[in-house]
J.: 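Just passing along the structure, written as structure tokens.
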Number of protein chains: 2
Amino acid sequence: MQPTEFLKDLRQRGHRRTPQREMILQVICECDGHITADEIITRVRKRYPHLNKSAVYRTLNLLVQTGFVNPTDFGSGSVTYEIHRDPHHHHLVCRECGKMIEVDAGVFAPVERKLRDEYAFAPDLHHFAIFGLCRKCQKKG
Amino acid sequence: MQPTEFLKDLRQRGHRRTPQREMILQVICECDGHITADEIITRVRKRYPHLNKSAVYRTLNLLVQTGFVNPTDFGSGSVTYEIHRDPHHHHLVCRECGKMIEVDAGVFAPVERKLRDEYAFAPDLHHFAIFGLCRKCQKKG
DNA sequence: CTCCTAATTGCAACTAGTTGCAATTGAAAA
DNA sequence: TTTTCAATTGCAACTAGTTGCAATTAGGAG
Ligand SMILES: [Zn+2]
Ligand SMILES: [Zn+2]
Ligand SMILES: [Zn+2]
Ligand SMILES: [Zn+2]
């Protein structure tokens, strides 16, 4: 999905198309993976040095609210953002070596079922960072 | 479990018993539930006004590291901490009305099994805040 | 094209939490 | 008891992110 499509979609929900949002979306779409707010600011400022960080954080929050982008805290000190893909996925993160393994949304299907059936609760189980130990680090420890 | 027991256990792991840690643990144990760093500072300062926030955050990080306490971000703007209970539990949080439902650790058993079997990954699935919609808010929406 | 207004921006001040460093102190050894 | 030294604290400066408000602007109506 391209920046213009997101902007069009946002417009239909009553949000405005601004140069800042355009540039921010451009950078997020180009990066293909997880990116921090700070990295977005750095990249946008190469073309438009004036950009204010509030606009970036507010745009990111809007994109998260609308479901276009997933925020994730990998414990590095700043949240990362990624374009939402459907079907979605999760990340296993080794707390020893930092290795990351992508797993598909299906792992949580039994949890979702149980929460719906037993608690009548409709959970959002999108894009988790699940910490733990990878194969190698289990053997070492 | 009482503060003195935690302190003893910490000592055996090479950490020191200090008045600050004693008072912080006292407050966490007394509160019986989730408490924020700021609330801990406020309560300890009633008796010991000098307490510095760095000591609190460092103590909390230590207690999390050692597994005595679980940190959880309920999205209120500051992380909450709770004494670790075994078996552990999770919290369902309604994103509309804020209702919280406690669920036991078992819900994630199938996830843990699958991650171990298919990815050889040993996940930490402790004390999650799972956002979503409660029964009432599903009907409303 | 011009006007209007609510949405958005920039800014500065703020909150939550972290970090480097010098001063203090717990606790173990002598 | 005194000495010793690493662990811990307080402090001040820092990072990530949020917020209130005045100024700007997108975009629709006339
Ligand atoms: Zn991802
Ligand atoms: Zn590993
Ligand atoms: Zn809890
Ligand atoms: Zn609800």
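Remember, predicted model here, so these are calculated numbers, not experimental data. Every heavy atom of this structure was used, including side-chain atoms; hydrogens, water molecules and symmetry mates were not. Letters A, B, ... mirror the listed sequences (proteins, then strands); counts begin at 1.
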J.: Taking only Lys NZ, Arg NE, NH1 and NH2, and the carboxylate oxygens of Asp or Glu, determine whether A/K46 and A/E39 approach each other closer than 4.0 Å.
T.: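 Looking at A/K46 and A/E39, the cut-off is not met.
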J.: How close or far is atom P of D/dA16 from atom CD of A/E39, stated in whole angstroms?
T.: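 Value for this atom pair: 12 Å.
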J.: Using only heavy-atom distances, determine whether the side chains of B/D38 and B/T36 contain a donor-acceptor pair under 3.5 Å.
T.: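 Side chains of B/D38 and B/T36: no pair found under 3.5 Å.
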J.: Hey, which sits more toward the 5' end of DNA chain D by its nearest nucleotide, B/H50 or B/R21?
T.: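 Residue closer to the 5' terminus by nearest nucleotide: B/R21.
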J.: Would you say the side chains of B/N70 and B/H84 form a donor-acceptor pair under 3.5 Å?
T.: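 Side chains of B/N70 and B/H84: pair found under 3.5 Å.
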J.: Figure out the CD/P separation between B/Q20 and D/dA7, and round it to whole Å.
T.: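 The distance from CD of B/Q20 to P of D/dA7 comes to 17 Å, rounded to the nearest Å.
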J.: Do A/Q26 and A/E22 have a side chain donor and acceptor closer than 3.5 Å?
T.: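 There is no such pair between these side chains.
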J.: Within this structure, what is the NZ-to-C1' distance between A/K53 and C/dT8, rounded to whole angstrom?
T.: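 It is 18 Å, rounded to the nearest whole Å.
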J.: Can you tell me the distance, in whole Å, between the OH atom of B/Y57 and the P atom of D/dT9?
T.: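 Between P of D/dT9 and OH of B/Y57: 15 Å.
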J.: State, with a plain yes or no, whether a side-chain heavy atom of A/R116 is found less than 4.5 Å away from one of A/F121.
T.: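 When only atoms from C-beta onward are counted, A/F121 and A/R116 do not touch, as no gap falls below 4.5 Å.
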J.: When the distance from CD1 of B/I24 to C1' of D/dT8 is rounded to whole Å, what number comes out?
T.: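 Answer to the nearest Å: 11 Å.
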J.: Tell me the interatomic distance from A/D38, atom CG, to D/dC14, atom C1', rounded to whole angstroms.
T.: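 Spelled out: CG on A/D38 to C1' on D/dC14 is 14 Å.
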J.: To the nearest 0.5 Å, tell me how far B/L51 CG sits from B/Q20 CD.
T.: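 Between B/L51 CG and B/Q20 CD, I get 6.5 Å after rounding to 0.5 Å.
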J.: Any carboxylate oxygen within less than 4.0 angstrom of a Lys/Arg side-chain nitrogen, looking at B/E82 and B/R85?
T.: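 Answer for the salt bridge query: yes.
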J.: Can you give one letter per nucleotide of nucleotides 19-30 of chain C, 5' to 3': B if a protein heavy atom sits under 4.0 Å from the base, S if only from the sugar-phosphate, - if neither?
T.: BB----BBSS--
J.: Hydrogens and angles aside, do A/H89 and A/H127 bring a side-chain donor and acceptor to less than 3.5 Å of each other?
T.: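 Yes, a side-chain donor-acceptor pair sits under 3.5 Å.
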J.: Can a side-chain donor-acceptor contact be found between A/H88 and A/H126 if the only test is distance below 3.5 angstrom?
T.: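 A/H88 and A/H126 do have a side-chain donor-acceptor pair below 3.5 Å.
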J.: Rounding to an integer number of Å, can you tell me how far A/R13 CZ sits from C/dA6 P?
T.: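 Distance check: A/R13 CZ to C/dA6 P gives 23 Å.
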J.: With a 4.0 Å heavy-atom cut-off, tell me which residues in residues 70-83 of chain B come close to DNA chain C, sorted by residue number.
T.: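 Output list: B/G77, B/S78, B/V79.
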J.: Please report, rounded to the nearest Å, how far the P atom of D/dA16 is from the CD1 atom of A/I40.
T.: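 Distance check: A/I40 CD1 to D/dA16 P gives 13 Å.
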